[in-house]
Amino acid sequence: MKAQIKTLLQQALESLKQSGALPADANPSIQVERTRDPAHGDFASNLAMMLAKAARKKPRDIAGDLLAALPASGNVINVEIAGPGFINFYLSPQAFQAVVPAILEAGDKFGHSTQGAGKRVQVEFVSANPTGPLHVGHGRGAAYGATVADLLDAMGFEVHREYYVNDAGRQMDILAASVWLRYLELAGEELPFPVNAYKGDYVWDVAAKLHRENGDRFRHGWTEIAAALPDDECDGGDKEKYIDALITQAKTLLGADDYRFVFDTGLNYILADIRDDLAHFNVNYEHWFSERSLTETGAVARAVERLEQSGHVYEKAGAKWFRSSDFGDEKDRVLVRDNGQSTYFASDIAYHMDKLERGFERVIDVWGADHHGYVPRVKAAMQAVGDDPDKLDVLLVQFAVLYRGGEKVQMSTRSGQFVTLRELRKEVGSDAARFFYVMRKCEQHMDFDLDLAKSRSNDNPLYYIQYAHARVCSVFRQLQEKQLDYDQAVGLQQLGRLTENHEQALLSSLNRYPEVLEAAALNHEPHLLAHYLRELANDYHTYYNAHQFLVEDAELRQARLALIAAVKQVIANGLGLLGVSAPESM
RNA sequence: GCGCCCGUAGCUCAGCUGGAUAGAGUACCGCCCUCCGAAGGCGGGGGUCACAGGUUCGACUCCUGUCGGGCGCGCCA
């Protein structure tokens with residue numbers, strides 16, 4: 001509807017430019033919005049006011065010219081000039097009613113568009129290190145990223161969802177060492193567990209699997225291992241040096257193959273856990289991209305080479321540095337350490353180069369807000385090698401703070417005292433978690449009220465929406481019990497009978513859905529959809545309370561049933577895009 | 001110290017890329033089931049949009065500064 005009015009205004013604008021009433025170079029982006037106040041009609045445009053300066057005319061005069069030049073349209077029954085120069089449009093009831101057959105015909109595709117057709121978009125999200133289970137912070141990124149991806153999908157983009165697996169690097173070595181030590185303990189060794197190692201229970205689980213399936217194959221005496229270790233922090237030493245020495249010992253004593261076996265056992269165990277967790281969260285990927293593969297295929301080396309050829313790399317203290325400060329970064333960054341190992345940053349540059357080489361027109365990264373300082377250096381690298389940094393959108397997701405019983409749930413990664421995503425799902429359910437996570441703008445800090453998410457009451461916005469859907473289903477069940485019939489074709493013919501205020505409101509809301517979807521997708525703002533669904537459910541509940549649908553008057557009944565069938569479809573579509581179920585009864 | 005994000009009703013948050021009288025939910029108060037699910041609906045009170053300037057026909061929205069909260073400033077990932 002909005003698009004139709006924009007087209008009309010565009011045509012009026014062109015004809016005024018041709019007649020010389022407006023300067024030919026005036027090219028404002030035409031804005032049409034829904035009015036908040038019915039006294040202002042159904043839609044309004046501020047076009048005349050935007051043109052006032054360039055045309056050196058009063059807004060109301062321009063509005064008058066536009067109005068005179070406006071092509072006739074069957075859907076528009078009245079146009080008025082109001083206030084400082086708004087042009088208000090009044091649409092015919094038929095224009096609003098047309099959405100009902102459109103919804104019922106398109107079904108679960110209603111609201112979708114083809115504007116992204118032929119364009120490939122990559123969305124990378126979660127990408128948490130496989131050093132432990134996902135926690136509730138990752139959950140928000142998962143819900144947000146998955147929804148953004150699905151929304152773009154609905155806009156016709158070819159969406160490629162990807163999880164970047166950090167299966168290389170020091171953190172993973174620390175995990176491998178942690179697993180090995182727990183394994184040694186299970187094998188009967190007595191040893192002090194390092195300050196800096198992973199202490200979560202899942203490390204025991206991996207170690208147990210390792211011991212169960214391999215016996216004492218990886219066992220070495222602790223005294224032998226400890227012989228080459230410095231003091232740990234608790235003995236006055238450096239915890240970083242200690243854990244690094246321990247990793248070196250593991251590699252030396254186990255040998256490359258066995259070390260890799262222990263390492264991969266931990267990696268695969270945790271990765272399988274993460275995949276399972278996300279699948280239950282209704283989050284799925286086209287591809288799990290291995291960081292290690294970038295080194296193995298030489299992509300990292302090539303990335304460093306490309307940067308060197310661009311002339312933005314120098315050597316200092318035995319390391320290779322990227323002069324990212326040339327591109328707005330705070331300081332220069334190391335690509336290759338003095339020990340010859342490339343950094344995580346080098347891998348990430350290679351990864352982003354790879355993304356662009358794969359031909360994605362747009363690359364979206366969903367990161368935790370704590371990584372925001374990382375954005376400038378990645379864009380700097382893209383710019384240095386001549387790639388377009390604007391092809392990359394980094395969407396930063398703020399943390400969620402959990403509340404239970406009005407109290408903040410304390411979390412700290414250090415002690416392993418964090419709430420996992422799995423625990424959250426078990427406590428509030430996948431639907432509530434998905435919905436609550438995207439209820440807020442991603443850059444907003446979020447208070448996640450566990451009690452509210454769990455509550456089966458009207459306080460809970462998700463139940464409110466799902467209840468509206470279930471209530472429609474319930475009406476159709478009643479229909480059968482009362483031996484009445486529903487004939488959609490008749491209903492669609494009788495939409496003119498829908499003259500009540502509540503029906504008008506509902507028709508208007510249904511018409512908004514495609515616009516909401518487009519805005520939510522293109523701006524990466526799923527919360528718009530969540531809020532819209534709440535409003536649509538409200539319109540339905542209000543209508544439900546005010547009027548009977550299963551009335552004697554067959555034509556009116558068919559019209560009303562067609563309307564609520566459309567409501568049901570749109571709620572189901574919207575919830576589906578949010579990864580939430582639409583139950584037929586609750 | 002520097003950089004990024006956020007300050008809107010008691011609380012949790014919207015505010016359609018600068019538009020008309022700033023909106024929901026919740027909490028509080030009062031109503032509505034002989035009726036398709038009351039997990040619902042209707043009505044009421046509640047605001048210096050953190051603060052101070054600036055830009056213009058017009059600012060919650062854009063710019064500058066101040067205050068307050070979060071996060072980040074590794075040859076970790």
Side-chain angles (χ1 to χ4, degrees), chain A residues 2 29 31 33-37 39-40 44 46 49-50 52-53 58-59 82-86 88 127-129 131 166 168-172 174 240 291 316-321 330-331 333-339 341-345 347-348 368-376 396 398-399 401 403 406 439-449 452 455-461 463-464 466-468 470-479 481-482 484 512 515-516 519 523 525 527-528 530-531 534-535 537-538 540-551 564 585-586:
Chain A
K2 210 182 244 189
S29 72
Q31 291 177 30
E33 58 182 9
R34 283 170 190 276
T35 58
R36 262 192 313 232
D37 187 342
H40 300 141
N46 61 353
M49 289 179 287
M50 293 178 69
K53 188 172 276 183
K58 290 179 187 167
F86 288 103
N88 295 337
S127 297
N129 287 349
T131 52
N166 300 128
R170 184 163 172 268
Q171 297 302 325
M172 285 305 296
I174 294 176
E240 306 291 349
E291 178 190 353
K316 191 177 88 181
K320 283 187 185 173
W321 293 71
E330 292 172 342
K331 55 169 102 165
R333 310 289 174 178
V334 173
L335 294 169
V336 183
R337 292 190 266 263
D338 55 8
N339 64 9
Q341 274 208 319
S342 58
T343 58
Y344 169 83
F345 178 44
S347 296
D348 214 12
D370 53 334
H371 287 70
H372 67 82
Y374 200 75
V375 180
L396 299 168
Q398 294 286 343
F399 293 126
V401 179
Y403 284 81
M439 230 167 27
R440 307 290 175 232
K441 281 191 295 202
C442 68
E443 65 263 33
Q444 268 286 359
H445 302 121
M446 182 174 82
D447 289 346
F448 194 123
D449 187 335
L452 182 60
S455 90
R456 303 178 149 264
S457 76
N458 49 356
D459 315 355
N460 185 332
Y463 274 90
Y464 185 87
Q466 289 180 320
Y467 179 46
R471 247 183 166 180
V472 176
C473 297
S474 176
V475 171
F476 280 95
R477 283 194 295 270
Q478 278 291 321
L479 180 71
E481 286 174 26
K482 292 192 176 179
L484 293 169
R512 270 173 59 208
E515 294 160 23
V516 170
N523 300 323
E525 293 183 334
H527 74 279
L528 295 177
H531 283 272
R534 217 279 167 195
E535 287 158 22
N538 181 30
Y540 176 72
H541 287 308
T542 304
Y543 180 38
Y544 183 96
N545 261 58
H547 299 284
Q548 282 287 122
F549 308 150
L550 302 178
V551 290
I564 67 170
S585 66
M586 308 170 59

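Sequence lines set the chain letters: A, B, ... in the order given, protein chains first and strands last, and positions in each chain run from 1.
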**Item:** Residues forming a side chain to side chain donor-acceptor pair (under 3.5 Å) with A:His371, sequence neighbours excluded
**Value:** none
**Message:** Taking A:Ala470's backbone N and O only, do any of them form a donor-acceptor pair with A:Ser474's side chain (distance below 3.5 Å, no angle check)?
**Reply:** no
**Message:** Heavy atoms only, 4.0 Å cut-off, all strands: where does A:Ser474 land among base, sugar-phosphate and nothing?
**Reply:** base
**Message:** As a test of reading the structure: which of B:C35, B:G37, B:C5 is closest to the side chain of A:Gln478, going by heavy atoms?
**Reply:** B:G37
**Request:** Using the P atom on both, measure B:C28 against B:U64 and round to a whole Å.
**Result:** 43 Å
**Request:** Please name all residues satisfying side chain to side chain donor-acceptor pair (under 3.5 Å) with A:His541, sequence neighbours left out, ordered by chain then number.
**Result:** A:Arg471
**Item:** Whole angstrom value for the distance that separates P of B:C32 from CD of A:Gln548
**Value:** 19 Å
**Request:** Grab the CG-P distance between A:Asp447 and B:G69 for me, whole Å please.
**Result:** 16 Å
**Request:** Report the distance from atom OH of A:Tyr544 to atom C1' of B:A39, rounded to the nearest whole Å.
**Result:** 12 Å
**Asked** Which way is the base of B:C35 turned, syn or anti, if we draw the line at 90° from 0?
**Response** anti
**Asked** How does each nucleotide of nucleotides 71-77 of chain B score, in 5' to 3' order, for protein heavy atoms under 4.0 Å: base (B), sugar-phosphate only (S), or none (-)?
**Response** BSSSBBB
**Asked** What interatomic distance, in whole Å, is found between P of B:C51 and the corresponding atom of B:U61?
**Response** 11 Å
**Request:** Using a 4.0 Å heavy-atom cut-off across all strands, classify A:Ser585 as base, sugar-phosphate, or nothing.
**Result:** base
**Message:** How close do A:Ala82 and A:Asn88 get, counting heavy atoms only, and between which atoms?
**Reply:** CB-ND2, 3.3 Å
**Complement of B:C73, any strand, by Watson-Crick or G-U distances under 3.5 angstrom** = B:G1
**Message:** Syn or anti for B:U17, given that syn means the glycosidic angle lies within 90° of 0?
**Reply:** syn
**Asked** When you measure from the side chain of A:Thr343 to the backbone N and O of A:Leu335, does any donor-acceptor pair fall under 3.5 Å?
**Response** yes
**Message:** By nearest atom, which of the nucleotides B:A39, B:C6, B:C36 is closest to the A:Glu443 side chain?
**Reply:** B:C6
**Message:** If we count only N and O atoms by modelled type, under 3.5 Å, do the side chains of A:Thr131 and A:Gln171 hold a donor and an acceptor together?
**Reply:** no
**Prompt:** Base, sugar-phosphate, or nothing: which does A:Phe476 touch, judged by heavy atoms less than 4.0 Å apart?
**Reply:** nothing
**Asked** Could you go step by step and tell me if A:Met50 and A:Gln31 meet the side-chain contact (heavy atoms from CB on, under 4.5 Å) rule?
**Response** CA-CA 10 Å; A:Met50 293 178 69; A:Gln31 291 177 30; 4.1 Å; yes
**Request:** Searching all strands shown, indicate the nucleotide that pairs with B:C28 (Watson-Crick or G-U wobble; both distances under 3.5 Å).
**Result:** B:G44
**Pairwise P distance, B:C75 and B:C71 [rounded to whole Å]** = 22 Å
**Prompt:** Across all strands shown, which nucleotide pairs with B:C62 by Watson-Crick or G-U wobble geometry, both distances under 3.5 Å?
**Reply:** B:G54
**Complete:** Between OH of A:Tyr543 and P of B:C36 the distance, given in whole Å, is 16 Å
**Request:** Rounded off to whole Å, could you give me the OH-to-P distance for the A:Tyr464 and B:U26 pair?
**Result:** 8 Å
**Prompt:** By salt bridge (Lys or Arg N to Asp or Glu O under 4.0 Å), which residues pair with A:Arg337, not counting sequence neighbours?
**Reply:** none
**Request:** Specify the separation, in whole Å, of atom CG of A:Asp449 and atom P of B:C13.
**Result:** 10 Å
**Message:** If I pick the P atom on B:A24 and the same atom on B:G46, what distance separates them, to the nearest angstrom?
**Reply:** 14 Å
**Prompt:** Backbone N or O of A:Ala519 within a donor-acceptor pair of the A:Asn523 side chain at under 3.5 Å?
**Reply:** yes
**Message:** Closer than 3.5 angstrom, by distance alone: can the side chain of A:Asp447 be matched with the main-chain N or O of A:Val401 as a donor-acceptor pair?
**Reply:** no
**Request:** Treat primed atoms plus P, OP1 and OP2 as sugar-phosphate and everything else as base, then score nucleotides 15-25 of chain B 5' to 3': B for base contact with protein heavy atoms under 4.0 Å, S for sugar-phosphate contact only, - for none.
**Result:** SBB-BBB---S
**Span that lies between the P atom of B:G23 and that of B:G19, in whole angstrom** = 15 Å
**Request:** Could you measure between the two P atoms, the one in B:C60 and the one in B:A52, and give it in whole Å?
**Result:** 13 Å
**G-U wobble or Watson-Crick pairing nucleotide for B:C67 (cut-off 3.5 Å, both distances)** = B:G7
**Request:** For B:G65 and B:A22, measure between their P atoms and round to the nearest Å.
**Result:** 30 Å
**Whole-Å gap separating C1' (B:G37) and OH (A:Tyr540)** = 10 Å
**Message:** Give me the distance, rounded to whole Å, that separates B:C32 from B:A38 when you measure between the P atoms they each carry.
**Reply:** 16 Å
**Request:** Nearest whole angstrom, please: distance from the C1' of B:G7 to the CZ of A:Arg440.
**Result:** 15 Å
**Complete:** Residue set satisfying ring-ring contact (aromatic ring centres under 6.0 Å, His included) with A:Phe549, at least two apart, ordered chain then number -> A:Tyr543, A:Tyr544
